[in-house]
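Before any comments, here is the structure.
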Amino acid sequence: MRWTIKPKPAEEKIKNLAQELNVEDFVATLLVQRGIETFEDAKNFFRPSLAHLHDPFLMKDMDKAVARIELAIANEENILVFGDYDVDGTTAVSLVSSYLKTYYPNIATYIPDRYAEGYGISFKGIDFADDNGFTLIIALDCGIKSIDHVAYAKERSIDFIICDHHRPGITLPDAVAVLDPKRDDCSYPYDELCGCGVGFKLIQALGNNRNQTIDDFIPYLDLVATAIAADIVPMTGENRVLAHFGLQVINSDPRPGIKALIHQIKKQSLDITDVVFIIAPRINAAGRLKHGNHAVELLTEFDFEQAQQFASEIEQYNSDRKDLDKQITKEGLLQIENNDEKERFTTVIYQEDWHKGVIGIVASRLIETYYRPTLVFTKSGDKYAASARSVKGFDVYNALEACSQHLEQFGGHMYAAGMTLKEENYSTFKEAFEKQVQETIHPDMLIPEIEIDSEIDFADITPKLTRILKQFEPFGPQNMTPVFLTKNVKDTGYAKKLGGEDEHLKLFVKQNNSEGISAIGFGLGNKIDLTTNQKAFEAVYCIDENEWNGKISIQLRLKNIR
């Protein structure tokens, strides 16, 4: 494990901001590291406002998309809202379809079957539209590379509007409108929206013709916040504003489906981490084990009792999913050992009966043991299909692009991607991918890294600091929970292991003459020897609030000690 302290910004910037905001230098440092350098930046950061959202018509083709939807409504056409089966896709479909249904009845939804159709727009989906008299398809969180599919639909007199956030290829599909802030020719001010975020901009634009204001769209933000959290997009700019207000909706007045999920887990108030680890996996579980339609039914249901029924079914899918991914992870680790592949630069493994719905999770789990770009393949029809996950700083999408002559198709992001290939190409691809990664990855990227924002003393940890840090939320990429380093830490004789396999470490720590602070290190039980007999150690941690019997106290969440 590497400990890296982030470079300290220019002293002058820190001093100026600390003075303007009346905060300690190290708090100003945290802000400047996040690109917040002026009083105005800080105001926008600490006081997110819906007024900071951009005009949706700044997005290329938005005018065309709105005009085509209005024409469809005027002509009483049937509109099919199509989306991917993951959280981003199912929330986007739920958002756009439920909005359109508030003033137009001829709306249906379609989520492709993960197993029969695979990722993205499918020919089967277009045939369904053709057979059922749909003349307009709105595709969400997919479609940016679906050139053949859009052409196929056009031959059947079906128009497409594509709302995507993945990287486009050289050629765009011949759709009526292609909404994607990552288009080279799109000058929209923020290009890190998720698919549901692009869907939100579309309904915001449609609301213009109906004299609706942003207040009319607040009820949809629980869906947008869930997608932002699940899709791990940067928590900056518009995403941070949407997530901030979406969390307020989740905690005050969520739609019945999300309320039913929260009801299952019996938690009073949710933060963004709860959305990532509690809400999102449950919505995802439907598409992983059964069908993404179940998620859309849950998220668009208005009757709370019916939503509770859907939620309990989804709870079962999620429980089955957990068992499956544990089992497949075990089998994957065994395969790496048996193939004598512990020392490689990549993990590429295959077993034909692995459940396609959980291979992405398994890839992430395997990285916890072998920290390197990881691809987990299974059989899908007559092809092999894989999910890829990467390590910090390494662009797995670019690596796949370099090996694309061996692939049938691929798509995704820097850190997560999907692909299919022919059975006979598996071995050649596996070696080509290993070679590509070996030649392009920096050796440091193969060692897990803890990035430290700042070194502080325990004396700096005050109620004022915790109040300020709370206002940094919601956290996510490019605005992660601040991580601190403190040296010369000692346990005061409380050190003990917790958890089934002695896996967690519980301490009560001091530095010099500071007050004692409670600390917990999940998975750090094996480091207890470093803390016994008043030995001094260094600790890297986040600052949490711990609530117990109605009392709130500061607690350190240890990331590592040495």
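What you see is a predicted model, and the numbers here were worked out from it, not measured in a lab.
Judged as a side chain to side chain contact (heavy atoms under 4.5 Å, CB included), and not counting sequence neighbours, the contacts of A205 are P56, F57, M62, V66.
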Worked verdict on Q204 versus Y220 for side chain to side chain donor-acceptor pair (under 3.5 Å): CA-CA 11 Å; Q204 215 189 326; Y220 297 92; over 6 Å; no
Quick one, F310 with H294, criterion ring-ring contact (aromatic ring centres under 6.0 Å, His included). Give me CA distance, side-chain angles, the key distance, then yes/no. CA-CA 7 Å; F310 288 143; H294 293 278; 7.7 Å; no
Step-by-step side-chain contact (heavy atoms from CB on, under 4.5 Å) determination, F200 to V198: CA-CA 5 Å; F200 182 78; V198 178; over 6 Å; no
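Listed by first then second residue, pairs satisfying salt bridge (Lys or Arg N to Asp or Glu O under 4.0 Å) with a partner in residues 223-232 number zero, not counting sequence neighbours. Applying the salt bridge (Lys or Arg N to Asp or Glu O under 4.0 Å) test to pairs two or more places apart or on separate chains, none has a residue in residues 292-306.
Here the shortest heavy-atom pairing between I228 and N239 reads CD1-O, 3.5 Å.
I461 places a side-chain heavy atom less than 4.5 Å from the side chain of L556. I456 places none of its side-chain heavy atoms less than 4.5 Å from the side chain of L485. Counting heavy atoms from C-beta outward, I361 and R321 have side chains that approach closer than 4.5 Å. F458 is listed as a side-chain neighbour of V489, based on a closest heavy-atom distance under 4.5 Å. At least one side-chain heavy atom of T329 sits less than 4.5 Å from a side-chain heavy atom of L366. Under the 4.5 Å side-chain criterion, counting only non-hydrogen atoms from C-beta, H291 is not in contact with Y317. Between I218 and D215, the closest side-chain pair of non-hydrogen atoms falls below 4.5 Å. Residues L100 and L206 have side chains in contact (heavy-atom distance under 4.5 Å, counting atoms from C-beta outward).
Remark: the N526 side chain and the K497 side chain contain no N/O donor-acceptor pair separated by less than 3.5 Å.
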Donor-acceptor list for residues 444-451 side chains, cut-off 3.5 Å, not counting sequence neighbours:
from: E449; atom 1: OE1; to: K392; atom 2: NZ; distance (Å): 3.0
from: E449; atom 1: OE2; to: T4; atom 2: OG1; distance (Å): 2.7
from: E451; atom 1: OE1; to: K392; atom 2: NZ; distance (Å): 2.9

Just list the side-chain donor-acceptor pairs under 3.5 Å for residues 245-255, sequence neighbours left out, or say none.
from: Q248; atom 1: NE2; to: H244; atom 2: NE2; distance (Å): 3.3
from: N251; atom 1: OD1; to: L270; atom 2: N; distance (Å): 2.7
from: N251; atom 1: ND2; to: L247; atom 2: O; distance (Å): 3.3
from: N251; atom 1: ND2; to: L270; atom 2: O; distance (Å): 2.8
from: S252; atom 1: OG; to: Q248; atom 2: O; distance (Å): 2.6
from: R255; atom 1: NE; to: D222; atom 2: OD1; distance (Å): 3.1
from: R255; atom 1: NE; to: D222; atom 2: OD2; distance (Å): 3.1
from: R255; atom 1: NH1; to: L299; atom 2: O; distance (Å): 3.4
from: R255; atom 1: NH2; to: P219; atom 2: O; distance (Å): 3.1
from: R255; atom 1: NH2; to: D222; atom 2: OD1; distance (Å): 3.3

Atom pairs and distances, side-chain donor-acceptor, residues 20-32, under 3.5 Å, sequence neighbours left out:
from: D25; atom 1: OD2; to: K15; atom 2: NZ; distance (Å): 2.4
from: T29; atom 1: OG1; to: D25; atom 2: O; distance (Å): 2.8

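Taking the six-membered ring wherever Trp is involved, the centroid distance between the rings of H263 and F304 falls below 6.0 Å. In this structure, the ring of Y397 has its center no less than 6.0 angstrom from the ring center of H413. Taking the ring centroids of Y415 and F394, they lie at or beyond the 6.0 Å cut-off.
Using a cutoff of 4.0 Å between basic side-chain nitrogens and carboxylate oxygens, E238 and K201 are scored as salt-bridged. A salt bridge links K6 and D453; the closest N-O separation between the charged side-chain nitrogens and carboxylate oxygens is under 4.0 Å.
Relative ring orientation between F472 and F45 is described as perpendicular, the plane-to-plane angle rising above 60° on a 0-90° scale split at 30° and 60°. Using a 30° and 60° split on the angle between ring planes, F484 and Y541 fall in the tilted class, from 30° to 60°.
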